[in-house]
Amino acid sequence: MRVNFRQTDSRSAPADLVAKRVSKLIRGIGWVIALAGQALAGEYHLTIAEKRVDIGGEPQTAILADDGLPGPTLHWREGEDVVLHIENRLSEPTSIHWHGIELPYRMDGVPGISFEGIAPGARFSYRFPVKQNGTYWYHGHSGMQEQQGLFGALIIEPAQPQPAADRDYVVLLSDWPQADPYRTLARLKKQSDYYNFQKRTVGDFFADIELLGLRETLSDRLAWGEMRMDPTDLADVNGSTYRFLVNGRTPQMAQHFLFKPGERVRLRFINASAMTYFDVRMPGLTMQVIAADGQNLQPLNVNGFRIAVAETYDVIVQPQAERAYSIFAEAMDRSGYAHASLSPRADWLAPVPPPTPRTLLTMADMGGTHAGHAAQGDNHLEHAEHAEHAEHAEHAGHASQAGENPEAAEPAAEHAGHHHAAMPPEIPSYQTLDYRDLRAETATPLGKPDREIELRLTGDMRRYIWSFNDVKYADAEPIRVKLGEVVRFRYVNQTMMNHPIHIHGLWQYLDIGAGAYNPKKHVVNVRPGTTAVVDVPADAVGEWAFHCHLLYHMDTGMFRKLIVEAPDRE
């Protein structure tokens, strides 16, 4: 809106013309005043097309938004109405899903559920109000396009000002395939452990005999052999075919972020991988976790955290020394890593820290032992899963507040002269992030659930088929709930794999025993052989996708349609 305040000379203009112009001016000023309290609409354009990219000297074809890997970071503001025009220049249909965003289901971007998809050569406009703030992301929801590069960060500024950091960076983690994703899936269908090149050796056998004894070692090997499985099979697809990236860059491409000593730096971690879980640490720094999945948390300090596929975590660090710090994200199975530097100078790069020991699956992870799974703490990330932190599993109450941590550091000599601020007692500190440590910033009383639905997470590794309740999506009926219900979902993981469960359009309140302060998440990871319990308010009418966010698991059947129905009219 532009109001023209050009003066009118009443001596040369007729009186009625002057009156009309004044009236128009008053109406214009009134319109401006009326709009003053409203956010202006944001209009965005994205073009999806193929492009050749070179990741580490291997030119490949990618599917990208605006020619970027990742796509452009979109900045919205809470309260604005956004319009996103998407043009498809591919020879196949495409789509964009706005992950974790509250919107009308027709704008959710899932072909076959919420809309028809965007045909080759066509355009589609997403339109919806922005009702939230925080760190989110967007990605393709057609075929394997998400794995082929169609994703980007989404940052929503709050309507009400919040304390700002001195620096604010997106750290977007991803896995880039060196093989065609469809070929990768075909290989998994033929041999589910095709990419597991880390199997135990004869040397491991004799080491286990020395540690456990011959009888227990033989019993363990026979049990795994009967199941035709392997305890090193932590990830279906791994570093044997993946390159791990930070903001589209390999460790050799030296991604870096700048800071000045003493500044508060906000790092927005987003796991945009198709299949990879990362264990994140910053040697020499304590990370203060302030948000998960875009939702503010009561702050807590950690030295490391595991980020499941599709999760986001916001952390604050406050480095005091003028040195480069490593941002180190190891694949869960230790088959590779992503790396970047937080540095006071562009030409200072942090060394890659030594890898941490690989963990193995146990028989309890096979889904055969479910006693006690209803316990509220069963859905957490065990401290013991991180062998590198096992000796510090107890709370580290002496750690610094979002700053330098001598226990997390590399060689102690590097910390001579560092200044460590004392941590306020109200901010708890842990060696490794655990779901049970999360507390929402504000209370959300949900009351007693109206009903409970149990979903068993199931799969057949030999045929590489994944499902809910042993029924793959093609053969399953939708899950139907009523608008206004609070539905308790019980996820019972009967497989040897982690599963990040995502519900489109609705929030999951993870039951960790914190009552109204249970964390609110759009993705909940369910570890092997455990049960996770979530309460889901059905507050958005529509047909929503409900699935494991591991792309190859979703594609082979671990997917449902969740229908939220309006109440019957009397």
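What you see below is based on every heavy atom in this structure, not just the backbone, and it leaves out hydrogens, waters and symmetry mates.
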Can you see which heavy atom on [X] is nearest to which on [Y], and at what distance?
X	Y	result
P70	G248	CD-N, 3.7 Å
A350	S341	N-OG, 2.9 Å
H549	W137	CE1-CZ2, 3.9 Å
L245	I55	CD2-CG2, 4.0 Å

Using modelled atom types and a 3.5 Å cut-off, is there a donor and acceptor pairing between side-chain atoms of [X] and backbone atoms of [Y]?
X	Y	value
N247	V170	yes
D293	T312	yes
Q318	G262	yes
E78	P158	no
S95	H141	yes
Q508	I501	yes
T530	R527	yes
Q147	M144	no
Y509	P537	no

Using ring-ring contact (aromatic ring centres under 6.0 Å, His included), reason through Y126 and Y138 one step at a time and then give a plain yes or no. CA-CA 13 Å; Y126 295 87; Y138 62 91; over 10 Å; no
Can you tell me how the ring of H139 sits relative to the ring of H97, calling it parallel under 30°, perpendicular over 60° and tilted otherwise? perpendicular
Once you measure the plane-to-plane angle for H522 and H502, does it fall in the parallel (<30°), tilted (30-60°) or perpendicular (>60°) bin? perpendicular
Closer than 4.0 angstrom, basic N to acidic O: yes or no for R268 and D314? yes
R281 with E330: basic N within carboxylate O range, under 4.0 Å: yes
Taking it one step at a time, do F269 and F305 satisfy ring-ring contact (aromatic ring centres under 6.0 Å, His included)? CA-CA 11 Å; F269 286 92; F305 61 89; 5.4 Å; yes
Among K521, K520, R488, find the one that has a salt bridge (Lys or Arg N to Asp or Glu O under 4.0 Å) with D535. R488
Evaluate the criterion ring-ring contact (aromatic ring centres under 6.0 Å, His included) for residue pair H547 and H553; output intermediate values, then yes/no. CA-CA 9 Å; H547 60 88; H553 291 192; over 10 Å; no
Going by the ring-ring contact (aromatic ring centres under 6.0 Å, His included) test, which pairs reach into residues 151-178, not counting sequence neighbours? Y169-F257
In short, side-chain hydrogen bond (donor to acceptor under 3.5 Å, both in side chains) pairs touching residues 62-73 with sequence neighbours left out are none
